[in-house]
Amino acid sequence: MIDAAELKSIAAWAQGLSDAEIERARRGVSIKTFGRGAHLCHRDDKFEHWAGVVDGLMKFGSTDAAGRVVSFGGLPPGMWFGEGSLLKNEARQYDVVALRDTRLALMNKPTFDWLCDASVAFNRYLVRQFNERLGLFIALLEHARTLDATARVARNIAWLINPVIAPRAGDRIEISQEELGLLSGVSRQAANAALRQLAAEGLVTVDHRSVIVRDRTRLARYGGE
DNA sequence: GCATTAACAGCCG
DNA sequence: CGGCTGTTAATGC
């Protein structure tokens with residue numbers, strides 16, 4: 001379990017909770033470290049925790065019929081995920097794996113259920129998160145067929161600094177080009193070319209092992225219209 | 001053709 | 001030195 005101050009610093013949803021609710025929540029949360037390449041869960045696992053990224057970087061994805069890894073997106077510090085499987089009481093839909101050494105906060109299901117029942121603020125957080133994810137999903141559907149490598153990289157960058165879903169991320173993302181490639185489902189070289197293309201258009205600035213976002217809106221729409 | 005893997009040199013921390 | 005980056009060449013769908 002963790003203390004109240006730590007919980008508040010790693011969880012946006014904790015901001016609106018009463019002291020009593022924080023106290024109850026913190027007792028149900030523990031921190032666990034995952035080494036690069038380690039899985040939090042596999043598809044079809046029964047995994048009864050809600051998870052939040054403290055630091056590091058995770059990704060979620062799947063494996064297609066041919067055995068190839070398919071990435072859906074990145075999970076940056078501040079992002080909480082997995083509520084879908086908890087709410088529906090069913091197995092995981094995705095693999096979740098660490099792209100580098102990552103610390104996760106894990107909340108047990110009884111605590112999650114209790115917060116859902118007890119706290120309006122907690123429910124408001126969940127609704128906001130669902131809404132944001134739905135917007136992303138629709139944008140994906142719209143352009144899924146036509147997105148080239150550069151657009152996929154652009155959208156993954158935009159997703160990583162989504163202020164609603166990942167409120168702790170600033171404009172700067174600490175990520176290597178190899179990790180960005182893994183997230184976006186392209187090779188490291190293609191990620192490199194995409195970054196330089198986006199930099200040339202003024203949407204990002206590329207730095208050593210990090211990317212600074214200049215225009216998140218255009219990044220999120222890149223390749224559409 | 002476009003994207004990927006492989007390989008290598010240069011750079012940064 | 002070890003990890004990251006920028007390029008190029010060869011290969012695959």
Show me the donor-acceptor pairs, under 3.5 Å and distance only, between side chains in residues 184-195 of chain A and residues at least two apart or in other chains.
unit_1, atom_1, unit_2, atom_2, d
A/Ser184, OG, A/Leu180, O, 2.8
A/Ser187, OG, A/Ala190, N, 3.1
A/Asn192, OD1, A/Arg196, NE, 3.1
A/Asn192, OD1, A/Arg196, NH2, 2.8
A/Asn192, ND2, A/Gln177, OE1, 2.8

Could you give the side-chain donor-acceptor pairs of residues 130-137 of chain A under 3.5 Å, partners two or more places apart or in another chain?
unit_1, atom_1, unit_2, atom_2, d
A/Glu132, OE2, A/Asn162, ND2, 3.2
A/Arg133, NH1, A/Glu83, OE2, 2.6
A/Arg133, NH2, A/Trp80, O, 3.1

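Ion pairing of A/Arg103 with A/Asp55 is present here, as a side-chain N (NZ or NE/NH1/NH2) and a carboxylate O approach within less than 4.0 Å.
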Atom pairs, protein N/O to nucleotides 5-8 of chain C N/O, distance under 3.5 Å:
unit_1, atom_1, unit_2, atom_2, d
C/dT5, OP1, A/Arg209, N, 3.1
C/dT5, OP2, A/Gln177, N, 2.9
C/dG6, OP2, A/Gln177, OE1, 3.3
C/dG6, OP2, A/Gln177, NE2, 2.8
C/dG6, OP2, A/Asn192, ND2, 2.3
C/dG6, N7, A/Arg188, NH1, 3.2
C/dG6, O6, A/Arg188, NH2, 2.8

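Note: A/His39 and A/His42 have parallel aromatic rings, judged against thresholds of 30 and 60 degrees for the angle between ring planes. The aromatic rings of A/Phe60 and A/Trp159 lie tilted to each other, with the angle between the two planes from 30° to 60°.
Computed from coordinates, the A/Glu174 CD to C/dG3 C1' distance equals 14 Å when rounded to whole Å.
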